[in-house]
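Worksheet for the structure shown next.
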Protein chains: 2
Amino acid sequence: MREKELRRSMSVFPIGTVMKLTDLTARQIRYYEEQELIYPERNEGNRRMYSLNDIDVLLEIKDYLADGINMAGIKRIYELKELEKNEKTKPPEKNLTDDDVRRILHSEFLSISGLSPKDKNKLNQQHFKQ
Amino acid sequence: MREKELRRSMSVFPIGTVMKLTDLTARQIRYYEEQELIYPERNEGNRRMYSLNDIDVLLEIKDYLADGINMAGIKRIYELKELEKNEKTKPPEKNLTDDDVRRILHSEFLSISGLSPKDKNKLNQQHFKQ
DNA sequence: TACAAAATGTTAGATCTTCTAACATCTAAT
DNA sequence: ATTAGATGTTAGAAGATCTAACATTTTGTA
């Protein structure tokens, strides 16, 4: 399945093709990139080139939007998906010692001002989840 | 398997992508079309758009040429292939919607099927980043 | 060898496609 | 009613592809 994953992430489609396959406008596709939901590569001439994975995500975004979920919600969904993926890939998590907690708090707190409660929750989940 | 065949014939790649995937020049690709070995469609702006089948054939042509077979020989080979295909009973045609195409592409692109291991090697891996 | 044909390279000018950036419009949430 | 979110629209620039012609290289054969 390694080769398969490689093919799915090859950047081979120009935006015109993606527009037709997803029924999205160029404006929308670029906007979702701006929202960091997809990360198309660029060719030598700075043209965006999309993968099958990108198209999958765009179609999922369409579904979420049709279900009334907004960008913030969709972003969160993909954050969670990312966490789940990392969980399966990584070896079993070890419990944090008090020392670990102190070190994390020290580095995290410095950049935490100005974050919304929602963002703080995100940090909590990352660091204090068993 | 009829549906699959139709999916593989969807015109989704511009010539630039085909050049990278096959390591052929635009001149060569257009020449092989002139020789009626492939039949790419055109988009609304008259740009050639290629299918997975087209890419398969182009990679096969590369192999034949590497084996010392010239255009005349390659043409004959494809004539014979065409005859063989016609020997088989053809089921009724069925048209695909755009939605079908979208669903299909991801599963389809993963296996540039029908390719020999040699053909797969011909794929220009350097362009399939990561 | 020499010549003709085959296969590919190269170029120019036109047209299509995509880019960025800005401003406009419409919708949803406060 | 106002703000923020989401998308539309436009202009000008630059990249990509088109056709058509001529050039060069390779191959087959008289």
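As the structure is a prediction and not an experimental result, all values here were calculated from the model. Residue numbering restarts at 1 for every chain, and letters A, B, ... go by the order of the sequence lines. Below, all heavy atoms of this structure are taken into account, side chains as well, without hydrogens, waters or symmetry copies.
- One atom, CG of B/L58, and another, C1' of C/dA7, lie 15 Å apart when rounded to the nearest Å.
- We find that NZ of B/K62 is positioned 11 Å from P of C/dT8, with the value rounded to whole Å.
- In this structure, A/I74 atom CD1 and D/dG5 atom P are separated by 14 Å, rounded to whole Å.
- For the segment residues 26-34 of chain B, the set of residues with a heavy atom within less than 4.0 Å of an atom of DNA chain C comprises B/R27, B/Q28, B/Y31, B/Y32, in numerical order.
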Where along nucleotides 24-30 of chain D does protein come under 4.0 Å, by heavy atom, of base (B) or sugar-phosphate alone (S), with - for untouched nucleotides? -------

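- Contacts of A/K75 classified as side chain to side chain contact (heavy atoms under 4.5 Å, CB included), with partners at least two apart in sequence or in another chain: A/Q35, A/L37.
- Of the possible polar contacts, one joining the A/D54 side chain to the A/S51 backbone as a donor-acceptor pair under 3.5 Å is found.
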Can you pull every protein N or O that's under 3.5 Å from an N or O on nucleotides 13-15 of chain C?
{"unit_1": "C/dT15", "atom_1": "O2", "unit_2": "B/R47", "atom_2": "NH2", "d": "2.7"}

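- With axes fitted over five pairs at each extremity, the angle between the ends of the helix from C/dT1-D/dA30 to C/dT30-D/dA1 is 30° (10° resolution).
- Summarising the geometry, atom CE belonging to B/M71 is positioned 11.0 Å from atom CD belonging to B/E34; distances are rounded to the nearest 0.5 Å.
- A donor-acceptor pair is defined here as one N or O able to donate and one able to accept, closer than 3.5 Å; no such pair exists between the side chain of B/D67 and the backbone of B/I69.
- One hydrophobic cluster holds both B/V12 and A/V12 under the rule that ILVMFWY side chains link at heavy-atom gaps under 4.5 Å.
- Taking the charged nitrogens against the carboxylate oxygens, B/E84 and B/K81 have no contact shorter than 4.0 Å, which rules out a salt bridge.
- Atoms NZ (A/K20) and P (C/dT17) sit 8 Å apart, rounded to a whole Å.
- Taking both residues in full, the closest heavy atoms of A/D23 and A/K62 are given as CB-NZ, 3.6 Å, listed atom of the first, atom of the second, then distance.
- Taking hydrophobic clusters as Ile, Leu, Val, Met, Phe, Trp and Tyr residues chained together by side-chain heavy-atom distances below 4.5 Å, B/V57 shares a cluster with B/L21.
- B/R48 pairs by the salt bridge (charged side-chain N to carboxylate O under 4.0 Å, His left out) definition with B/E33, not counting sequence neighbours.
- Whole-Å rounding puts the B/M49 CE to C/dC16 C1' distance at 12 Å.
- A/L65 places its CG atom 8 Å from the P atom of D/dA6, with the value rounded to the nearest Å.
- Under the 3.5 Å distance criterion, the side-chain polar atoms of B/T17 are left unmatched by any main-chain donor or acceptor of B/F13.
- A chain of hydrophobic side-chain contacts below 4.5 Å, direct or via other Ile, Leu, Val, Met, Phe, Trp or Tyr residues, connects A/L52 to A/Y50.
- No side-chain heavy atom of A/V18 sits less than 4.5 Å from a side-chain heavy atom of A/L24.
- Counting to the nearest Å, the C1' atom of D/dC18 and the CZ atom of B/R48 are 7 Å from each other.
- Ion pair A/R47/A/E41 not flagged as a salt bridge, since none of the NZ, NE, NH1 or NH2 atoms sits closer than 4.0 Å to an Asp/Glu carboxylate oxygen.
- In this structure, B/N46 atom CG and D/dT17 atom P are separated by 13 Å, rounded to whole Å.
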